[in-house]
Amino acid sequence: MGSSGLARLQGLFAVYKPPGTKWLHVRETVELQLLKGLNAAKPPAPEQRVRFLLGPVEGSEEKKLTLTATSVPTLTTHRLVRGPAFTSLKIGVGHRLDAQASGVLVLAVGHGRRLLTDVYDAHLTKDYTVRGLLGKATDNFCEDGRLIEKTTYDHVTRELLDRILAIIQGSHQKALVMYSNLDLKSQEAYEMAVQGVIRPMNKSPMLICGIRCLHFAPPEFLLEVQCMHETQQQLRKLVHEIGLELKTTAVCTQVRRTRDGFFRLDDALLRTQWNLHSIQDAIQAAAPRVAAELKRNLRLRLGHQQLPSAGQPWGFKDPSAAVEVESYSGQ
Amino acid sequence: MQPISEEEAIRIVADPLLPLSSFTLGDYVDHSETLQRLVQLGVDLSKIERHTDAANLLLRLDFEKDIKQILLFLKDLGLEDSHLGPFLTKNYTIFSEDLENLQTRVAYLQSKNFSKADVAQMVRKAPFLLSFSVERLDNRLGFFQKELELSTKKTRDLVVRLPRLLTGSLEPVKENMKVYRLELGFKQNEIQHMVTRVPKMLTANKRKLTETFDYIHNVMNIPHHIIVKFPQVFNTRVFKIKERHLFLAYLGKAQYDPAKPNYVSLDKFVSVPDEVFCKEIAKTSVNDFEKFLKTL
């Protein structure tokens, strides 16, 4: 019934946000669909209340009256009198996507909302596919903005583009190491660098962990970007700057998130799947992976904190918060 | 204080008092026959108690005197028992109307050649219809006949299909007519044809209407005379049209011109469910459609 429906609705799940809609609208639509599913459950049996009524005494010949306790059905808890069982649900949103971007959007329901802060503090990377168009420059770096400049792009080759992307990745690699505040001479830092997990564990500007060109057919090109602490408008600005580096201009036609932390495109639910059962199944499918990843990232974060700092102090987390995360990961 | 006998003591009824004021009808429902019978009919009290003074009105009514006459009148009109609940949830003020007024209005509608079944359907779909005076109903019917320049029979069919045209506001209808004529460029006879097929177009949201038309005319390149043949496109969500068109364009099957081969008719394009669309029109599986949607 309703209580078991709500019991299975605690945790994180991913949704595919279509382009052209605001993330708030997506969150509200998902909330409406979940409420519809929860309220459609069978109502419980009608309740009874006890009233003391006059009735004849059993087993006596005279007409004597006495009070007997009887259960009488009551209508105070009827659905038409009290209203629907669920009127609102609190759903939290992970890393947001702006209106023109599309892709994986992580949502959290019930107790899963507490895990959202831990997911944020894990500072995981995100994957995007970014489509660009050479030859135009607009004021908001998108195709529908006000046109500023038109250029030729015949001189652009695949090798030139790859070279530029390699330069960008190299410069961001240096920034990654700098913002992670690790003492490079220590053994732990060397091991982390070998595994490739060096990344900043607190606030930093947008950092690109990896960028490569998947497809190049002038004037269109398709990039795959792995980054952290980004906004989609900064990615569009990146496309504009790549155009400038190529001695031409470029606008961004599509920004699509393919991975947010450990949620991939396969886990994301499409609009037709935004209903109670699909979301409950998605939460259950994702729960073990969420717990494992958060545990791993907690260990990593504690590892970062134990290393001697080279200068600035990081954002300190007190040990009680660490213990709290441990207990949720164990669920 | 004088001593009393056992029998007298038992006969004293000392239930706790009813609350003098409350914000919900649930406190009074167990003690009021009227409310219990309304709940059994299917009236949603939780929705009615949100309107100010509605709950006070209901509590003061008596089932035998006031409510029963109106219910019998509604049943004579042709409303089924299962429809009474939703009807009364929407229009509970009908209990304060005079029975003669209601009968006059029904007589007026029948004088305009609406059949008994038509009147029953109109009252069911637009519960506030009988709360409108004869004069107001007459004005509204006249408005639709003049604005759309339809014959009396066609106006009658239109109003029976969508009775909330008579009870709703007329401003959106006037705005939409201007949008169709001036902004979208349809001729009067084209608008008449579309509105008789899909009456909901008259009360659609202006912004959504222009967005849909912009996509269909400028991106899908469908001319006016084909849109007129399939007015259902104005009744569907824009995202559905965009997704399906982009999928067909990706497969190379986006052909909406009846003269050319592989023609896709707009009514099938818009109204069939996803599985039928994928199998018949796109000739692929639903999985492929879902994979494509995740690349948008």
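Here is the naming used below: chain letters follow the sequence lines, and residue numbers restart at 1 for every chain.
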Give the C-alpha distance, both sets of side-chain angles, the deciding distance and a yes or no for side-chain contact (heavy atoms from CB on, under 4.5 Å) between D267(A) and R289(A). CA-CA 12 Å; D267(A) 312 318; R289(A) 269 189 304 148; 3.2 Å; yes
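For chain A, the option among L296(B), V39(B), V29(B) with the highest count of heavy-atom pairs below 4.5 Å is L296(B). With chain A as partner, the option from D44(B), D30(B), L45(B), L25(B) having the largest number of non-hydrogen pairs under 4.5 angstrom is D30(B). Heavy-atom pairs under 4.5 Å with chain B peak, among T77(A), T74(A), V104(A), D266(A), at T74(A). Considering only heavy-atom pairs separated by less than 4.5 Å from chain A, the leading option among V43(B), T89(B), T24(B) is V43(B).
Looking at Y16(A), its side chain never comes within 3.5 Å of a backbone N or O of A268(A) through a donor-acceptor pair. A donor-acceptor pair is defined here as one N or O able to donate and one able to accept, closer than 3.5 Å; such a pair exists between the side chain of T212(B) and the backbone of K208(B).
Heavy-atom distances place no part of Y28(B) under 4.5 Å from chain A, backbone and side chain included. Of the two parts of R82(A), only the backbone, made up of N, CA, C and O, holds a non-hydrogen atom closer than 4.5 Å to a non-hydrogen atom of chain B. With a 4.5 Å cut-off on non-hydrogen atoms, T272(A) touches chain B through its side chain but not through its backbone.
The ring of Y256(B) has its center closer than 6.0 angstrom to the ring center of F269(B). Aromatic ring centres of F213(B) and H217(B): separated by under 6.0 Å.
Exactly one of Q233(A), R236(A), K22(A) qualifies for a side chain to side chain donor-acceptor pair (under 3.5 Å) with D98(A). That residue is R236(A).
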